[in-house]
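What follows is a single structure, written as C-alpha cells, with notes after it.
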Amino acid sequence: MVDLHDGAAAAVSGHSSRHGGQQGSGSSSNNGRKTAKKSRTRRGKRGRRRRSKKNNRNNKTPPPYLPPEAEEGNIEYKLKLVNPTQYRFEHLATQLKWRLQEGRGEAVYQIGVEDNGLLVGLTEADMKASLKTLKRMAEKVGADITLLREREVDYDSDRNTRKIAEVLVRKVPDDQQFLDLRVAVLGNVDSGKSTLLGVLTQGELDNGRGRARLNLFRHLHEIQTGRTSSISFEILGFNSKGEVVNYSESRTAEEICESSSKMITFIDLAGHHKYLKTTIFGLTSYCPDFAMLVVSANTGIAGTTREHLGLAMALKVPIFIVVSKVDLCSRGTVERTVRQLERLLKQPGCNKVPMVVSSPDDAVTAAQQFTLSACITPIFTLSSVSGESLDLLKVFLNILPPLSNSKEQEELMQQLTEFQVDEIYSVPDVGTVVGGTLYSGVCREGERLVVGPTDEGRFLRLKVGSIQRNRSACRVLRAGQAATLALGNFDRSLLRKGMVMVSPKMNPTICCEFEAAIVLLFHAKTFRRGSQVTVHVGNVRQTATVECLHGKDELRTGERAVVRFRFIKHPEYLRLGAKLLFREGVTKGIGHVTRLLPSSQNHDQNQNHNHDQNLQEH
C-alpha cells in the first residue's frame, strides 16, 4: 500500500518538477531535489523497461495456447509427424479417418501444437516433413490436403523462428457423398442478393446492370422488374483441394456434383415486403444451416433488413452479413454502413459480436469461430462488379464446417423415413414430382411410403420412382438432405405443400388443434381469443384461430403465454417441440409446439385402431 502511494506521489511530483524546471523556480534544497529526481528517473526507467517487456510479451501473435484438444469433433493437434514407423503411420491414418468421419468428410489439423493446446512450433525442415507425412496419410484414406495458413511462433526470441500450420483435410467425393450445407440468402429488395449469387455460381462478374442474376430468375415478371418473388436454389461446389467448382467452364449441375467434395446450396429468398410469407416459408421449411444477410453499402439498414435479421435470430439460424455494392460508394460511406450494422448487432436484443473480415486469415478465423460461438457475426464488404473481397467470402464458405456432427446424423438416419413436401411439379414424361427435405431416416428408389394428411386426415400409399439431388440422379437419400422425388402417375391434385411422406410403419400424429408456448414480439393492440394468424411450423403454413390463452385474457407486446390454436382448413402433421412462427399484418410472434390435440375422439380412435383402413391404394 505504501509503495502504491509513493509511486503515485512520485508521478505527481515528477509532473510538477518538469514544469518547475521550465519556470526556473527552486532556491533552497536544490541538492535534495536533484537526488530525488535522479532516483525517480532511475525508477521511471526501470518501470518503462518493465512495461516495454510486458507490452512485447502482450503483442506476440498468435497467443501461446489454443483450447485443449477435444476427443470428439474434427480438429486434431499434432506436435510433429516426422518419419513415423509403419505401425505408427497406420495408427495415424486410422485417427485421420475418425476425424474425417466426425466432420462428415472434413478435418482440420493443427501442426506444431501439443495436445494441451500449447503452440510449440516446428522448424522449417520438421514442418516440411510433417506436411509430407500428412499428405501420405490423406492419400491412404482417399483425401486431399490444403494449407490454410502458417503462423510464426516468436514468443521466445532465443530460439530460431518456428511455425505452426493449419491444414484442411477433405475427402475426395465418392458415390455422391459430398458435404451439403444450405445457406438462406436474406436482405432488403435491391440489395444485390441474386446478383451476388449469380457471380458466385456462374463465375463471371456482373456488368453493373444485373446481367449476373438473369439465370437465377424463374418468372418473366422477375426478369422485367429485377425482383425475386419466388424461392430459387443455386449451387456452388468446392473440390477436395478447396478450389471453386461452378458453372464457369460450361459445367452441368451433374458435373459440379461429381467433382465437388462440398456443396453450398444457396436458397435465394425474396426481399420485398409483399413476398414476406414466401421468405418465411423458405426459412422454416428448407431448414437452412446458415443465413447470409445482404446489405447494400449505399442504402445501409433499410426496408426489410431488420425484419429478416429478426426472423433468422428467432429461428436460431446462425447469420453472417455481406455488405454489397462497395464499388458505388466512397470508403467513408462503406465504413458508416459497417458501423451502423455493428451498433445494431450489439443492441440488447441481438447481443452479437461483429467481426469485420478484411484478410484471408480473418476469413479462416471467422469460419472456425462462427460455428463454435453463436454470438460471432462475420461481416464482409465486397463488390459483385469489381470483384473486390469476393475471394474472402469464397475462403469463408470453403472452410465453413457443418453444424451437426456424424453422430447426430447417424441417429436421425436410424429413425423411420419422414420427407417434408415443399414443392409440387408436373414434369413431361416423368409425371408428378415433389421437392423437399428428408427430415429423418433413409429413402431409396422404389421405396413404398404413405403421404398425407389429406383434407379428411387420411394417408395415401405411393411409390418413389427416381430421386434427384442438386439436379443429378441419386439412389439413396439420407436424413438432412434436400431432393426431388418422382412419383410417376400419382394424381397431383391430391398433394399440397405442408404434407409429409412417411414410412407405413409410422403412426403419424395429425391434429386440427395444438398448444404452443409463445412470445408476442409485436402487436398494435392486444392479442386475444378469436384472433386469426398465419402459422408457420416447418413446411406447414396455414391460418389458425386462437381458441384460448391459458391463464390470461389478452397478450400485449413482449408478453409470454401458452396458447391453443385451431387450424381453419384441414388437419396438419406436427412434431412436439417444433419451432413456430406466426404473423398477421404487423402482428408477429414466435414459440414452440408443446401439445398436440386430436381433431375429434372418433378421429383419434380411427388413427389408433383402424390405421390400415385409412391407408388407401391409389
Side-chain angles (χ1 to χ4, degrees), residues 273-285 304-317 344 347-351 453 455-457 496-498 508-605 607-608:
H273 197 275
K274 75 174 177 181
Y275 305 123
L276 184 64
K277 71 171 186 179
T278 306
T279 302
I280 295 174
F281 182 78
L283 274 173
T284 56
S285 176
T304 52
T305 305
R306 287 173 193 271
E307 199 157 9
H308 285 187
L309 176 65
L311 286 171
M313 288 179 62
L315 295 166
K316 293 185 168 54
V317 180
L344 175 65
Q347 283 176 0
C350 293
N351 290 326
D455 290 355
E456 299 80 35
R496 60 176 171 79
K497 286 182 185 181
T509 325
I510 60 168
C511 62
C512 276
E513 289 189 29
F514 67 96
E515 287 182 358
I518 66 154
V519 181
L520 193 62
L521 298 178
F522 183 78
H523 197 292
K525 295 176 185 175
T526 54
F527 185 76
R528 53 165 65 91
R529 186 173 181 271
S531 300
Q532 283 196 348
V533 291
T534 304
V535 172
H536 297 261
V537 187
N539 64 335
V540 170
R541 179 176 70 193
Q542 196 184 145
T543 304
T545 306
V546 176
E547 290 292 297
C548 74
L549 285 79
H550 291 293
K552 293 188 179 180
D553 294 328
E554 57 184 33
L555 274 186
R556 295 186 182 276
T557 301
E559 292 184 342
R560 297 169 182 267
V562 174
V563 178
R564 182 182 293 186
F565 291 98
R566 182 181 181 82
F567 290 122
I568 65 166
K569 279 188 182 175
H570 38 70
E572 297 282 10
Y573 168 81
L574 299 177
R575 279 188 305 274
L576 280 173
K579 290 175 193 164
L580 170 141
L581 198 144
F582 62 88
R583 61 177 183 85
E584 186 56 49
V586 292
T587 303
K588 289 179 191 69
I590 56 169
H592 63 276
V593 178
T594 56
R595 188 178 168 207
L596 303 175
L597 302 161
S599 49
S600 69
Q601 194 63 35
N602 290 337
H603 184 255
D604 196 33
Q605 285 170 358
Q607 261 201 292
N608 292 330

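What you are looking at is a predicted structure, and each value in this text was computed from that prediction instead of being measured. What's counted below: heavy atoms across the whole structure, side chains too, no hydrogens, waters or symmetry copies. Start at 1 with the first residue, then count along the sequence.
Of all heavy-atom pairs spanning Pro453 and Pro571, the tightest one is CG-O, 3.5 Å. Residue Val593 comes nearest to Arg575 through the heavy atom pair CB-O, 3.8 Å, listed as atom of the first residue, atom of the second, then distance. Nearest approach of Leu520 to Phe527, heavy atoms of both residues: CD2-CB, 3.6 Å. The heavy-atom pair separating Phe567 from Cys511 by the smallest distance is CD1-O, 3.8 Å. What you find for Gly498 and Val540 is that their closest heavy atoms are O-CG2, 3.9 Å. Contact detail for Val537 and Ala578: the closest heavy-atom pair is CG1-CB, 3.7 Å.
The structure places CD1 of Ile568 at 4.5 Å from OG1 of Thr543, a figure rounded to the nearest 0.5 Å. Here the straight-line distance linking atom CG of Leu344 with atom OG1 of Thr305 works out to 9.0 Å at 0.5 Å rounding. We find the CG-CG distance between Leu549 and Asp553 to be 8.5 Å, quoted to the nearest 0.5 Å. For the atom pair CD of Gln532 and CZ of Arg566, the computed distance is 12.0 Å after rounding to the nearest 0.5 Å. Separating the OH atom in Tyr573 from the CG atom in Asn539 is a distance of 10.0 Å, to the nearest 0.5 Å.
Residue pairs satisfying the salt bridge (charged side-chain N to carboxylate O under 4.0 Å, His left out) criterion with at least one member in residues 528-549, sequence neighbours excluded, are listed as follows: Arg528-Glu554. Note on residues 578-591: pairs passing salt bridge (charged side-chain N to carboxylate O under 4.0 Å, His left out), not counting sequence neighbours, are Glu307-Lys588.
Checked by atom type and distance alone, the side chain of Lys569 never pairs as donor or acceptor with a backbone atom of Asp455 at under 3.5 Å.
For the side-chain contact (heavy atoms from CB on, under 4.5 Å) criterion with Leu311, the lone passing option out of Thr284, Leu276, Ile590 is Leu276.
Listed by chain and residue number, Glu513, Glu515 satisfy the salt bridge (charged side-chain N to carboxylate O under 4.0 Å, His left out) test with Arg564 (two or more places apart in sequence, or in another chain). Not counting sequence neighbours, the partners of Ala516 by the side chain to side chain contact (heavy atoms under 4.5 Å, CB included) test are Phe514, Ile518, Phe565, Leu580. Every side-chain hydrogen bond (donor to acceptor under 3.5 Å, both in side chains) that Arg496 has, sequence neighbours left out, goes to His570, Glu572. The ring pair (Phe, Tyr, Trp, His ring centres under 6.0 Å) test applied to Phe281 returns no partner, not counting sequence neighbours.
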- prompt: Which is it for Leu555 and His523 under the side-chain contact (heavy atoms from CB on, under 4.5 Å) test, yes or no, and what are the steps along the way?
  reply: CA-CA 9 Å; Leu555 274 186; His523 197 292; over 6 Å; no
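The shortest distance between side-chain heavy atoms of Leu309 and Cys350 falls below 4.5 Å.
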